[in-house]
Amino acid sequence: LDCGACGAPSCKALAEDISKGEAKEEDWMIQVRPGSYGRFLVPRTVENLTIQGTGNDTVIQTMDGSSLESSAGSDRNSDANGIVVWGKNITFKDLKIESGDYHLGKAGEELWYPSAISTNDIMSGTGEEAASGLTLDHCTFAGSGTGMGVLPLRSVFTVTDCRFEG
């Protein structure tokens, strides 16, 4: 990542803001440049993260049949074929999330709750994640076929000014 990806103009500026109490060391922001990106996993160790794009110019492609480390070698598949969110208090902002069609697993079995964004905290989370927030702000979900846009499984789930197309 380039310097400034956290949202601060420089590392020095961030350190100064933290020392003045205007920012917290645990508050993170990743600014994603325009382009197309594959799906990803937000691990349990990540807290208070905002992943911010540039609107429809920042595209995350999900439900494309790819596999994440979360499901490798497990008989309890926590991979819902989209962005997997296990961290606490995670925000997605100004992203376009494109989803493919529902598909079968490698052995031809039906997949459990395929979705563009999923927390699946019930499967293998600690419980702390399920009590933390998941926020979608100014995101666009685009796609067609069968599947879910979001499978939150969180007690705190906020959607603000999002669009669902297709």
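Positions are given from 1, in the same order as the sequence printed here. Quick caveat, the model's predicted, so the values are computed rather than measured.
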Q.
Using side-chain contact (heavy atoms from CB on, under 4.5 Å), reason through Thr91 and Leu49 one step at a time and then give a plain yes or no.
A. CA-CA 6 Å; Thr91 298; Leu49 171 67; over 6 Å; no
Q. Can you list the residues that meet the salt bridge (Lys or Arg N to Asp or Glu O under 4.0 Å) rule with Asp137, with sequence neighbours excluded?
A. Lys93
(Q) Closer than 3.5 angstrom, by distance alone: can the side chain of Trp86 be matched with the main-chain N or O of Thr119 as a donor-acceptor pair? (A) yes
(Q) List the residues meeting side-chain hydrogen bond (donor to acceptor under 3.5 Å, both in side chains) with Asn89, not counting sequence neighbours, and say none if there are none. (A) Asn48
Q. Do you know which of Ile51, Thr62, Val85 makes side chain to side chain contact (heavy atoms under 4.5 Å, CB included) with Phe40?
A. Ile51
**Q.** Closest non-hydrogen atom pair, Asp94 against Thr58
**A.** O-CB, 4.4 Å
Q) What's the shortest heavy-atom distance between Ser132 and Gly87, and which atoms? A) OG-O, 4.1 Å
Q.
Under a 3.5 Å distance rule, please check whether Arg154 uses its side chain to pair with a backbone N or O of Leu134 as donor and acceptor.
A. no
Q | Nearest atoms (heavy-atom pairs only) where Val59 meets Asn56 | A | CG2-O, 3.6 Å
Q: Only counting residues at least two apart or in another chain, list the ones meeting ring-ring contact (aromatic ring centres under 6.0 Å, His included) with Phe141.
A: Phe164
Q) Looking only at heavy atoms, what is the nearest atom pair of Ile90 and Val42, with distance? A) CD1-CG1, 3.9 Å
Q) For Val159, which residues count as a side-chain contact (heavy atoms from CB on, under 4.5 Å) partner, sequence neighbours excluded? A) Leu136, Phe157, Cys162
Q. Which distance, rounded to the nearest 0.5 Å, do you find between the NE2 of His138 and the CG of Asp161?
A. 4.0 Å
Q) Does Tyr37 have any ring-ring contact (aromatic ring centres under 6.0 Å, His included) partners at least two apart in sequence or in another chain, and if so, which? A) none
Q | Residue pair Met29, Gln52: steps toward the side-chain contact (heavy atoms from CB on, under 4.5 Å) verdict | A | CA-CA 7 Å; Met29 178 188 293; Gln52 182 167 342; 3.7 Å; yes
(Q) According to a hydrophobic-cluster definition based on side-chain heavy atoms being under 4.5 Å apart (Ile, Leu, Val, Met, Phe, Trp, Tyr only), do Ile30 and Ile117 belong together? (A) yes
**Q.** Sequence-distant partners of Ser155, side-chain hydrogen bond (donor to acceptor under 3.5 Å, both in side chains), two or more places apart
**A.** none
Q | Pairwise distance CD(Gln61) to CD1(Ile97) - rounded to 0.5 angstrom | A | 11.5 Å
